[in-house]
Amino acid sequence: LTDRKGVAWVVFSASAALALCGLPLFAVLQAFPTDVPVAVAVVGVGYGILGSLVGTTTFLYVVELFPTSVRGAAVGISYNIGFSVFGGLAPMLCEASLNGSALGPGLVLSFGGLLTAVTVLTAQICHSQGLVKLTHVREQPYFSSSALCGAIGDNSKAKRAQQTESSEGDSTADESS
């Protein structure tokens, strides 16, 4: 999906889905706390799919933000700070949110998805205005849909590379015959 739509499109879509589904899925789990099939459907399927989409593509997104000269250190530092702050405080925050509402942890999940979606969209808007450089890997890395964020990058280089590869393959086939 990331190869066809772009890394940021997948991160944005998955984060928006988490923002929309985090609270309702938690509400279903809260309504049927002892029903095993409901728990498997909500946690295993609902949160499992959302978690895999958000969790795996985020690493591709973060890696492309940094130039190769500092990529290892920058990704390592940002990953560890992010996971220590959010991963370390999330259980306390969810527990504290139960004082305000029985659906507090669902609100925390939805807020996390919303925060990520807004961040990706804001970064893309800043990139399209030339305020930041989002990628150091591909020319058109994030949103392949020009309808959403405008045409970014130039696919002509990729097309020329594909044509060169196919013509080299043809000449190799001609030489072998």
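Not measured: the values here are computed from a predicted model. The residues of the chain are indexed from 1 along the displayed sequence.
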Point to revise | Minimum heavy-atom distance Thr119-Leu115, with the two atoms named | key: OG1-O, 2.7 Å

Check your understanding: How long is the span from the OG atom in Ser15 to the CG atom in Leu50, to the nearest 0.5 Å?
Key -> 9.5 Å

Exercise for review: Drop me the distance from Leu93's CG to Glu95's CD, to the nearest 0.5 angstrom.
Suggested key: 10.5 Å

**Study point:** Pair Val62-Ser78, side chain to side chain contact (heavy atoms under 4.5 Å, CB included): steps then yes or no
**Key:** CA-CA 9 Å; Val62 171; Ser78 62; 3.9 Å; yes

Review point. Shortest non-hydrogen contact from Ser128 to Ile125?
Key: OG-O, 2.8 Å

Review point. Among the clusters formed by ILVMFWY side chains lying less than 4.5 Å apart, do Phe86 and Val108 turn up in the same one?
Key: no

Review point. Under a single-linkage definition using a 4.5 Å side-chain heavy-atom cutoff for Ile, Leu, Val, Met, Phe, Trp and Tyr, are Val28 and Leu109 assigned to the same hydrophobic cluster?
Key: yes

Review point. Does Phe111 CZ have over 12 foreign heavy atoms under 6.0 Å away?
Key: no

Point to revise | Met92-Ile81 co-clustered via ILVMFWY side chain contacts under 4.5 Å | key: yes

**Study point:** Which atom of Asn80 lies closest to which atom of Gly76, heavy atoms considered
**Key:** ND2-O, 2.8 Å

Point to revise | For the student: nearest non-hydrogen atoms of Pro105 and Ser97, plus distance | key: N-OG, 3.3 Å

Practice item. Report yes or no: do Val38 and Phe26 belong to one cluster of Ile/Leu/Val/Met/Phe/Trp/Tyr joined by side chain heavy-atom distances under 4.5 Å? Key: yes

**Study point:** Gap separating the OG1 atom of Thr116 from the OH atom of Tyr61, nearest 0.5 angstrom
**Key:** 10.0 Å

Check your understanding: What class does the angle between the rings of Phe59 and Tyr79 fall in, given that below 30° is parallel, 30 to 60° is tilted and above 60° is perpendicular?
Key -> tilted

Practice item. Verify the cluster assignment for Phe12 and Val63: are they in a single hydrophobic cluster under the rule of side-chain heavy atoms below 4.5 Å apart? Key: yes

Practice item. Kindly write out the residues that satisfy side-chain contact (heavy atoms from CB on, under 4.5 Å) with Ala19, not counting sequence neighbours, or none if the list is empty. Key: Leu114

Review point. Only one of Leu23, Leu18, Leu25 forms a side-chain contact (heavy atoms from CB on, under 4.5 Å) with Cys21, so which one is it?
Key: Leu25

